[in-house]
Each structure stands twice: as structure tokens, then as C-alpha cells.
There are 2 protein chains.
Amino acid sequence: MKTEQVFKALADPNRMKILNNLCSRDCACNVGEVAGCCTVDLSVVSRHLAILKNAGIVSADKRGKEVFYHVNRKEVAALLRQTAANIEKSCCS
Amino acid sequence: MKTEQVFKALADPNRMKILNNLCSRDCACNVGEVAGCCTVDLSVVSRHLAILKNAGIVSADKRGKEVFYHVNRKEVAALLRQTAANIEKSCCS
DNA sequence: TTATTATTTGCATTATTGTGCAAATATACA
DNA sequence: TGTATATTTGCACAATAATGCAAATAATAA
């Protein structure tokens with residue numbers, strides 16, 4: 001989980017919407033459900049999810065023909081807090 | 001200080017280098033000093049600093065012909081921690 | 001098998017962003 | 001005044017990234 005990749009992944013409005021949507025749910029949801037939060041094509045949402053997944057922000061579970069995504073809450077929160085700590089002391093890598 | 005704008009500002013390798021450079025110093029430094037951390041043109045560094053400033057990540061103080069930049073450590077750290085908390089509970093706006 | 005549904009991927013296009021150079025601006029000093 | 005230094009800005013171009021559509025893949029059911 002690389003800091004810069006995480007920030008890049010979070011630097012797009014649709015991906016933020018997607019993340020918010022996923023965050024607001026208790027259980028994982030499939031691509032179609034996620035796509036409800038933004039107006040772009042479903043294929044675009046699929047790509048955004050892939051970017052979030054590559055950044056380690058979300059994880060995917062395939063069940064049957066559906067893929068369920070959920071947020072890696074602890075890991076993302078930990079990385080943000082670590083970055084916050086680094087900025088407060090001296091170096092923020 | 002908008003979350004998405006902050007993430008956008010942090011989503012570039014040179015801006016991360018610049019931020020790291022600024023973070024590693026106790027006192028503010030001018031554009032020329034900041035520019036030492038990356039190989040791009042000084043004018044590019046100036047633009048990157050403007051982006052970081054617009055995002056609220058750094059502040060600028062003009063003294064004479066120089067402009068001294070410093071990181072808004074507390075504010076940035078607070079925003080990152082707030083985002084971390086939002087992600088951990090439910091909604092991450 | 002075929003059909004249906006969910007998701008991903010190839011491709012072309014558009015939009016955005018980063019970059020370097022030169023010129024402009026701002027400040028200080030001789 | 002003119003000159004030197006620090007920074008920003010205009011502009012063109014290159015590099016990245018987002019998007020939509022159609023086709024491909026994967027899994028399930030008739």
C-alpha cells in the first residue's frame with residue numbers, strides 16, 4: 001500500500017463517490033450497486049474499482065458471477081494516520 | 001480545505017517530493033531551496049507550490065523578493081485524521 | 001447446448017494535467 | 001535611473017487519465 005498511489009486513487013471525484021458509497025454500507029456490494037452513486041458508465045465504475053483495488057483501498061470477492069467490493073477500512077485509516085503523524089513531525093513519505 | 005483538493009494536490013510525485021522537502025525543515029524556505037528536491041524547472045516548482053497552497057497544504061510569506069513556504073502541519077494532519085475516522089465509521093467525505 | 005446476467009477489457013476520443021521556455025512582474029540595490 | 005535576483009505567468013506541447021461503446025470473458029440457469 002503506497003501512499004502516493006492511495007492519494008492518486010482518491011484524487012478523482014467519481015472514485016471518491018464510489019468510496020463514500022462503499023463506506024456507507026455495512027456489507028460488501030457488487031459493481032452494479034456501487035455504480036448507482038455516479039452517472040458514468042458501468043464499465044467506468046469497474047475501472048475505478050480496479051484502481052481503488054490496486055491501491056489497496058478496497059478488496060474484491062468473487063461470488064458466482066458477481067464481484068463484491070468492500071473498503072479496507074483499517075488499512076486505509078492507518079495509512080492516513082501514519083501520513084498525518086509524519087507530516088506533524090518531520091518527514092511525510 | 002477540501003478533502004478532494006488535498007488528495008489531488010498530493011497525487012503527484014513532484015509535489016510529494018516538495019512536501020517532503022518542506023516537511024523536513026524547521027523553518028520556511030524559498031522557491032529556489034524547495035526546487036532542489038526535484039529535477040523539474042523552477043517555474044514548475046512554483047506552480048506546484050501554488051497548487052499545494054490552493055489546497056491549503058502550505059502557506060506562503062513574502063519577504064522582500066523571496067517567497068517563503070511552510071507546511072500547514074496541524075491542518076493537514078487534522079484533515080487526514082478526520083478522513084481516517086470517517087472511513088473507519090461509515091462515510092468518508 | 002443456448003441464453004442470460006455480471007463484470008471486465010480493447011479501442012478511440014476527449015479532457016485534464018505536467019512540463020519547459022521565454023517573457024512578465026516584483027523587489028532590492030548600485 | 002538601470003541592473004540583478006526571485007518568482008510567477010503565458011503559451012505550446014507532451015504525457016496521463018477519464019470516458020463511452022462494443023466486444024470479450026465468466027458464471028449460472030433453462
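Every chain is numbered from 1, with letters handed out A, B, ... down the list of sequences.
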Q) Are A/His48 and D/dA17 close enough that a side-chain N or O sits under 4.0 Å from OP1 or OP2? A) no
(Q) Using a heavy-atom cut-off of 4.0 Å across all strands, would you classify B/Val44 as base, sugar-phosphate, or nothing? (A) base
(Q) Just the rounded figure in Å: distance from P of C/dT17 to CD of B/Glu4. (A) 10 Å
**Q.** Options D/dA18, D/dT8, C/dT4, nucleotide nearest the side-chain atoms of B/Ser43
**A.** D/dT8
Q | Along DNA chain D (nearest heavy atom to each residue), the more 5'-positioned of A/Glu66 and B/Leu49 | A | B/Leu49
Q | Nearest to side-chain heavy atoms of B/Asp41, which nucleotide of D/dT8, C/dT8, C/dC21 | A | C/dC21
Q) Which nucleotide sits closest to the side chain of A/Val31: C/dG18, C/dT7, D/dT28? A) C/dT7
Q. Counting side-chain heavy atoms from C-beta on, which of C/dT17, D/dG20, C/dA6 comes nearest to B/Lys8?
A. C/dT17
Q: May I ask you to evaluate whether A/Lys62 reaches the phosphate of C/dA6, defined as a side-chain N or O under 4.0 Å from OP1 or OP2?
A: no
Q) Does OP1 or OP2 of C/dT5 have a side-chain N or O of A/Asn30 closer than 4.0 Å? A) no
Q. Between CG of A/Asp12 and CD1 of A/Ile18, what distance do you get to the nearest 0.5 Å?
A. 8.0 Å
Q.
As a test of understanding, state which of A/Arg81, A/Lys74, A/Arg73 forms a side-chain hydrogen bond (donor to acceptor under 3.5 Å, both in side chains) with B/Glu88.
A. A/Arg81
Q: Give one of base, sugar-phosphate or nothing for A/Arg15, where a contact means two heavy atoms less than 4.0 Å apart.
A: sugar-phosphate
Q | Candidates C/dT8, C/dG10, D/dT7 - which lies nearest the side chain of A/Arg47 | A | C/dG10
Q.
Once rounded to the nearest 0.5 Å, what's the spacing between atom NE2 of B/His70 and atom CG of B/Asp26?
A. 12.5 Å
**Q.** Candidates C/dT27, D/dA18, D/dT9 - which lies nearest the side chain of B/Ser46
**A.** D/dT9
Q | Distance (rounded to the nearest 0.5 Å) between A/Asn14 CG and A/Asn21 CG | A | 11.5 Å
(Q) I want to confirm an ordering. Mapping B/Tyr69 and A/Ala11 to their closest nucleotides on DNA chain D, which one lands closer to the 5' end? (A) B/Tyr69
